[in-house]
Amino acid sequence: MTSTATRPRGARARAAIAAKTLRTDRWWFQPLITVIGLGAWVSYATVRVFMHKWYWVGDFHYLTPFYSPCVTDRCVEGSAHVGTYLPSWWIIPDAAFTLPFLLLFRLTCYYYRKAYYRSFWLSPPACAVPDGHQSYGGETRFPLLGQNLHRYFFYAAAIISIINTYDAVYAFHSPKGFGFGLGNLILIGNVVMLWAYTISCHSCRHIIGGRLKHFSKHPVRYKAWTFISWLNVRHMQLAWITLGTLALTDFYVMALAAGWFPDLRFIN
């Protein structure tokens, strides 16, 4: 074993064993599942964003979150609620005003950073397992320096959640007036989960109560901070749940728009 006196200055102390780790459990399983899960979702979302079709059900005003708000001049009639400002070049997403900010919000999310650092970058893949890189600089260099902008992307995500809420409420208006179907339940469920994930963000928790020195003088903010703290503990679960609800909502709207099956209607 190398003694402290003979170890090169600056070298990391490590047990004199040949194996990279003595862990005998399946430490690689969780990073593998994360790669499969995130990889599958990103692949599905990328295909759907650039399909440029099957995103609007005019009969019931269903609009998938992947295309909200629709702002290109290819948007089908009724789906563009705020106007069309961009040309219909295939590389431009129809929701070009919102998708980049949602992507940045998720990429810089504290949980997702942990998830893809450990799974895709192996930095490190698990506790007591060596880092997959020779050196470690943290988030002090470009492009990881941009992770510190997460708090600002939170504001954009909150605005986008408001837009998604509008879409869900607007979908209750059918051609015959008020309408209600399975699609409405899916849209509302997705919005509730998106709000839960968004406000459970660490940045939101800090905005609500991070700078308060005396909670007793701010009882309303304390109650809000307590609730958000309760959600914050579940931020990881909500991150995955919202990926599921987003995919489910988009697939359901796509299936209806493509005519694969009809919507289950309860009223009108």
Side-chain angles (χ1 to χ4, degrees), residues 38 41-58 60-109 112-113 116 143 146-173 183-184 186-201 203-204 207 238-239 241-254 256-257:
L38 289 180
W41 193 90
V42 170
S43 298
Y44 171 84
T46 301
V47 170
R48 281 293 294 135
V49 165
F50 293 106
M51 281 182 66
H52 303 301
K53 63 179 180 178
W54 298 339
Y55 54 86
W56 169 252
V57 182
F60 310 121
H61 297 167
Y62 293 163
L63 179 64
T64 172
F66 288 175
Y67 285 75
S68 177
C70 201
V71 294
T72 66
D73 56 18
R74 76 164 66 86
C75 296
V76 298
E77 183 178 358
S79 64
H81 300 155
V82 297
T84 56
Y85 307 98
L86 299 177
S88 55
W89 190 26
W90 73 270
I91 199 65
I92 300 178
D94 292 283
F97 287 173
T98 56
L99 286 180
F101 294 102
L102 282 178
L103 177 62
L104 290 170
F105 177 64
R106 298 249 174 184
L107 279 176
T108 58
C109 167
Y112 281 118
R113 280 144 77 172
Y116 64 76
Q147 303 283 32
N148 295 318
L149 297 174
H150 178 66
R151 70 193 72 178
Y152 303 109
F153 297 138
F154 162 75
Y155 294 111
I159 294 174
I160 295 170
S161 293
I162 294 174
I163 296 174
N164 293 149
T165 302
Y166 170 82
D167 293 336
V169 173
Y170 184 67
F172 283 98
H173 298 275
N184 296 102
I186 293 176
L187 286 169
I188 289 295
N190 179 59
V191 164
V192 170
M193 290 296 101
L194 286 178
W195 272 115
Y197 167 70
T198 302
I199 66 175
S200 69
C201 169
S203 295
C204 180
I207 291 169
L238 291 169
I241 289 172
T242 50
L243 292 185
T245 59
L246 281 167
L248 172 63
T249 304
D250 176 78
F251 181 82
Y252 189 80
V253 173
M254 175 178 65
L256 295 182

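Sequential numbering from 1 along the given sequence is applied to the chain's residues.
Here the OH atom belonging to Tyr252 is positioned 4.5 Å from the CG atom belonging to Leu256, to the nearest 0.5 angstrom. Taken from NE2 in His150 to CZ in Arg106, the straight-line distance is 10.5 Å, to the nearest 0.5 Å. Taking CD1 of Ile186 as the start and CZ of Phe251 as the end, the distance is 10.5 Å to the nearest 0.5 Å. Distance CD/Gln147 to CZ/Phe153: 9.0 Å, rounded to 0.5 Å. For the atom pair CG of Leu248 and CG of Leu243, the computed distance is 12.5 Å after rounding to the nearest 0.5 Å. The line from CG of Asp94 to OG of Ser68 is 11.5 Å long, rounded to the nearest 0.5 Å.
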Quiz item: Given Tyr85 and Phe97, is the side chain to side chain contact (heavy atoms under 4.5 Å, CB included) satisfied, shown in steps?
Solution: CA-CA 10 Å; Tyr85 307 98; Phe97 287 173; 3.8 Å; yes
Exercise. Kindly determine whether Ile162 and Trp195 satisfy side chain to side chain contact (heavy atoms under 4.5 Å, CB included), including the steps that lead there.
Key: CA-CA 9 Å; Ile162 294 174; Trp195 272 115; 3.8 Å; yes
Practice problem: Check step by step if side chain to side chain contact (heavy atoms under 4.5 Å, CB included) holds for Val82 and Val71. | Solution: CA-CA 7 Å; Val82 297; Val71 294; 4.0 Å; yes
Practice problem: May I have the step-by-step check of side chain to side chain contact (heavy atoms under 4.5 Å, CB included) for Leu187 and Thr249, ending in yes or no? | Solution: CA-CA 6 Å; Leu187 286 169; Thr249 304; 3.5 Å; yes
Practice problem: Check the pair Tyr166 / His81 against ring pair (Phe, Tyr, Trp, His ring centres under 6.0 Å), numbers first and verdict last. | Solution: CA-CA 10 Å; Tyr166 170 82; His81 300 155; 5.8 Å; yes
Practice problem: Output, in order, the C-alpha distance, side-chain angles, deciding distance and verdict of side-chain hydrogen bond (donor to acceptor under 3.5 Å, both in side chains) for Arg48 and Ser43. | Solution: CA-CA 9 Å; Arg48 281 293 294 135; Ser43 298; over 6 Å; no
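A heavy-atom distance below 4.5 Å is found between the side chains of Leu246 and Leu194. No side-chain heavy atom of Phe172 sits less than 4.5 Å from a side-chain heavy atom of His61. Asp250 has its side chain within reach of Tyr44: a pair of non-hydrogen atoms, C-beta onward, lies under 4.5 Å apart. Inter-residue side-chain proximity for Pro69 and Thr98 is flagged as met; some heavy-atom pair is nearer than 4.5 Å. No side-chain heavy atom of Thr108 sits under 4.5 Å from any side-chain heavy atom of Leu149. In this structure, Cys204 and Thr198 have side chains that are not in contact, with every pair of non-hydrogen atoms separated by 4.5 Å or more. You'll find the side chain of Thr64 stays beyond 4.5 Å of the side chain of Met254, heavy atoms only. Residues Thr72 and Pro87 form no side-chain contact, since every pair of their non-hydrogen atoms from C-beta on lies 4.5 Å or further apart.
Taking the ring centroids of Tyr197 and Phe105, they lie under the 6.0 Å cut-off.
Here the shortest heavy-atom pairing between Trp54 and Met51 reads CE3-CE, 3.6 Å. Tyr67 and His52 make their closest contact through OH-N, 3.0 Å (heavy atoms, listed as atom of the first residue, atom of the second, distance). In terms of heavy-atom proximity, Leu63 sits nearest to Ser79 at CD2-O, 4.0 Å.
When the SG-SG distance for Cys75 and Cys70 is compared with the 2.5 Å cut-off, it comes out below that value.
No side-chain donor-acceptor contact under 3.5 Å links Tyr62 to the backbone of Tyr55. Not one N or O on the side chain of Asn164 forms a donor-acceptor pair closer than 3.5 Å with the backbone of Val191. A donor-acceptor pair under 3.5 Å is absent between the side-chain atoms of Trp56 and the main chain of Val76, judged by distance alone.
More than 12 heavy atoms of other residues, nucleotides or ligands sit less than 6.0 Å from atom CZ of Phe50.
Looking at residues two or more places apart in sequence or on another chain, you find a side chain to side chain contact (heavy atoms under 4.5 Å, CB included) between Leu103 and Leu107.
Side chains of Asp73 and Thr84: a donor-acceptor N/O pair is absent below 3.5 angstrom, by distance only.
Just one residue in the list Thr242, Asp167, Thr245 forms a side-chain hydrogen bond (donor to acceptor under 3.5 Å, both in side chains) with Asn190, and that residue is Thr245.
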